[in-house]
K.L.:
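To start, I am sharing the structure in question, which I have written as structure tokens.
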Number of protein chains: 2
Amino acid sequence: MTDASQTISDRIQQKLEDLTRAERQLALSILENYPASGLGPLTALAKDANVSVPTVARMVQKLGYKGYPDFQAELRDELRAKATGPIAKHETWAEAAPSGHILNRFTDAVIDNIRHTLGHIDPQAFDEACKMIANPDKHLYIVGGRITHTLAEYLFLHMQVIRPNLTHVQSTSNTWPHYLLNAGEGDVFVIFDVRRYENNMMKLAKMAHARGARIVLFTDQWRSPIHQLADITFSSRIVVPSAWDSAATTLLLVETLISAVQGLDWGGTKERMEELEEMFDRTKLFRKFT
Amino acid sequence: MTDASQTISDRIQQKLEDLTRAERQLALSILENYPASGLGPLTALAKDANVSVPTVARMVQKLGYKGYPDFQAELRDELRAKATGPIAKHETWAEAAPSGHILNRFTDAVIDNIRHTLGHIDPQAFDEACKMIANPDKHLYIVGGRITHTLAEYLFLHMQVIRPNLTHVQSTSNTWPHYLLNAGEGDVFVIFDVRRYENNMMKLAKMAHARGARIVLFTDQWRSPIHQLADITFSSRIVVPSAWDSAATTLLLVETLISAVQGLDWGGTKERMEELEEMFDRTKLFRKFT
DNA sequence: AAAATTGTGAAAAATTTATCACAGACAGGT
DNA sequence: ACCTGTCTGTGATAAATTTTTCACAATTTT
């Protein structure tokens, strides 16, 4: 019946193109919790995927099985075969790829970085940083370097929705004085600086510090010299099997920060988001979500 | 009903003493290839273990389940929890923080996203994409949306070092015609489009496609409609405990891609990197690495 | 030998699966 | 904007399978 060389997961993915919307929705739901969800009763699966019972029945046959029980039987066979499989010491993330494939090596490194970084983080400092960044009474400046300005902008884009009174400081240093002129006691600078540490960034930090601003620093495991001036420092591990460093862990921290800050004033954020949505609707920039 | 802290396998082993011969035989058979055999019909299990049907029914109740279906449901739950991996189970990432802290919840979600995304990726498609993107004979266009343009830029910044002949298409659509005028057969577009999918992006994709360009798409698990035009699609899970979506998994893919592409022509890349370093040194933009 | 355990065969009960027809929703094309 | 055809959910029903339970005989254990 089935080609022994491919898993049912593969087969579903492969057929994904030929499926209709509801069927695809169902297929994704199956893959979501693979293979557990496929082993329960058909009715439960349908409800889980928010599709109707006939849709499940139809798709299963479309996939080439005699019926739902047949499908389940194959799932069990697969599970049975897999259980006796070897347990890799380093986890294989992309199972379809050999463990030496860059997909697996890279992911492994990133997970490792995350584990390491989170293991050393100080939650209280984190909470403190959130509070500082959430406070709309103090102006918020966000600054990044050559590569990290993408992270800075990512943070900026989100904070823009969450609170007013913030600035994305572009990296060209001749525009700085304008920003700094207005910066005062208690204003907050979020600075991204990973190796190789930029002289410019240090200058900016010094100026900000001199004006009595608070500094939240995102840096790497070796820590930018700015950390001496910073009130709060987050250092991420960034080493990966590549000629470059990874920003993934830092992004994770940034996203967590965004989520936490948003949580501090959900009412206000929600309002602002709704306004934003409405504006997008009006400009027809986005499709309606289907 | 069940003590959440122990697996069904544990529970069976523990009760093994209290069971009679036939029941023990059955129990061992269940453990033999666990949990697959327990997920099939009762009759099959009985035949598998060489015991009678009533024996199965009796034992299941003896173990404390309401009936065989109840037993199966618990098995599925367990499998479901396990599928998300031994790591994701209940791991506390930031040990200094309570497990309910956003740091842990968010990280958990991201790891989960990575796991799912990598689990469903097609390594061959990935390699194929790398090859396409590495080829300097074809012009490379990189495009992102409102939020994702940060990812696009991240990719662009790195590819700029790796190869010549590429363009970062800014999101303002009135500049597109200039870019597209030069785009031709076989040129490559890397497009980022996650929900909410932008109409602009679709238009651009259509134009590019019409001119015979190839499209590599980075999208989310629901897949931007552009995927119909794309030669290769990467979909990431992006759900996190936040009002926004996570870009971390997509960034991971992008970074892996960068690493892989760089590996395809390491000689050339190295040269270009050295040139770049020299130029930075000359402009004194960076500190010497200490 | 007595007590407990197990299998047999069957039948009833419960659940699950497979289908159907139809109506509404939706997408694509004109 | 308006068709047109496809897709999807509803509700009902029939079919099939699975589960549960029985009583009793056979077997094993104590």
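For the numbers below, each heavy atom of this structure counts, side chains included, while hydrogens, waters and symmetry mates do not. Proteins come first, then strands; the chains are lettered A, B, ... in the order of their sequence lines, and each starts at number 1.
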K.L.:
Are A/Leu75 and B/Leu39 close enough, and set up right, to give a side chain to side chain contact (heavy atoms under 4.5 Å, CB included), and what steps lead you there?
P.N.:
CA-CA 10 Å; A/Leu75 267 182; B/Leu39 291 164; over 6 Å; no

K.L.:
Where the side chain of A/Arg21 is concerned, which of C/dT19, C/dG7, D/dT8 is the nearest nucleotide?
P.N.:
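Nucleotide nearest to A/Arg21's side chain: D/dT8.
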
K.L.:
Can you figure out which of D/dT10, D/dT20, C/dT6 approaches the side chain of B/Arg58 most closely?
P.N.:
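Within the option list, the nearest is C/dT6.
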
K.L.:
With the side chain of B/Tyr68 defined as its heavy atoms from C-beta on, choose the nearest nucleotide among C/dT17, D/dT19, D/dG9.
P.N.:
D/dT19

K.L.:
According to a strict under-4.0 Å criterion, is A/Thr55 in side-chain N/O contact with OP1 or OP2 of D/dG9?
P.N.:
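True: A/Thr55 side-chain N/O within range (under 4.0 Å) of D/dG9 OP1/OP2.
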
K.L.:
Quick check: closest heavy atoms across A/Leu26 and A/Val56, and the distance to 0.1 Å?
P.N.:
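A/Leu26 and A/Val56 have their closest heavy atoms at CD2-CA, 3.7 Å.
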
K.L.:
Distance check needed: C/dA25 P versus A/Asn50 CG, whole Å only.
P.N.:
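About 18 Å, once rounded to whole Å.
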
K.L.:
Starting at CE of A/Met59 and ending at C1' of C/dT19, how long is that distance when rounded to a whole Å?
P.N.:
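Spelled out: CE on A/Met59 to C1' on C/dT19 is 18 Å.
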
K.L.:
Can you check the B/Lys206 NZ to C/dG28 C1' distance for me, whole Å?
P.N.:
11 Å

K.L.:
At 4.0 Å (heavy atoms only), tell me whether A/Val51 reaches a base, stays on the sugar-phosphate, or touches nothing.
P.N.:
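Since only primed, P, OP1 and OP2 atoms lie under 4.0 Å of A/Val51, the category is sugar-phosphate.
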
K.L.:
Considering only C/dG9, C/dT17, C/dT19, which nucleotide approaches the side chain of A/Thr43 most closely?
P.N.:
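The answer is C/dT17.
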
K.L.:
Please determine which of B/Leu217, B/Ile142, B/Thr219 meets the side-chain contact (heavy atoms from CB on, under 4.5 Å) test together with B/Phe192.
P.N.:
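Among the candidates, only B/Ile142 passes.
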
K.L.:
Tell me which nucleotide among D/dT21, C/dG7, D/dG9 gets nearest to the side chain of A/Ala22.
P.N.:
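Selected nucleotide (nearest to the side chain): D/dG9.
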
K.L.:
Please report the distance, rounded to the nearest Å, between CG in B/Asp70 and P in C/dA14.
P.N.:
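Value for this atom pair: 17 Å.
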
K.L.:
Please report, rounded to the nearest Å, how far the C1' atom of C/dT6 is from the CD atom of B/Glu23.
P.N.:
10 Å

K.L.:
Measure the shortest side-chain to side-chain distance between B/Thr167 and B/Phe156 over non-hydrogen atoms and say whether it is less than 4.5 angstrom.
P.N.:
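Result no, sub-4.5 Å side-chain heavy-atom pair not found.
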
K.L.:
What are the two closest non-hydrogen atoms of B/Lys62 and B/Asp18, and how far apart are they?
P.N.:
NZ-O, 3.7 Å

K.L.:
Rounded to whole Å, please give me the gap between CG in B/Leu42 and P in C/dA14.
P.N.:
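Whole-Å distance recorded here is 17 Å.
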
K.L.:
Please report, rounded to the nearest Å, how far the P atom of D/dC7 is from the CZ atom of A/Arg24.
P.N.:
11 Å

K.L.:
When we call it a touch if two heavy atoms are under 4.0 Å apart, what does B/Gln25 touch: a base, just sugar-phosphate, or nothing?
P.N.:
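Nothing, no nucleic acid heavy atom in range.
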
K.L.:
Hey, does the side chain of A/Thr20 come within less than 4.0 Å of D/dT8's phosphate (OP1/OP2), counting only N and O?
P.N.:
yes

K.L.:
For the side chain of A/Pro41, counting heavy atoms from C-beta on, which of C/dT8, C/dT19, C/dT17 is nearest?
P.N.:
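Given the options C/dT8, C/dT19, C/dT17, the side chain of A/Pro41 is closest to C/dT17.
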
K.L.:
Using a 4.0 Å heavy-atom cut-off, does A/Pro69 contact any base of the nucleic acid, only the sugar-phosphate backbone, or nothing at all?
P.N.:
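It contacts sugar-phosphate atoms only.
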
K.L.:
Please compare B/Lys62 and A/Ala44 by the position of their nearest nucleotide in DNA chain C and report the one closer to 5'.
P.N.:
B/Lys62

K.L.:
What's the CD-C1' distance between A/Gln61 and C/dT17, to the nearest Å?
P.N.:
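Atom-to-atom, A/Gln61 to C/dT17, this comes out as 10 Å.
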
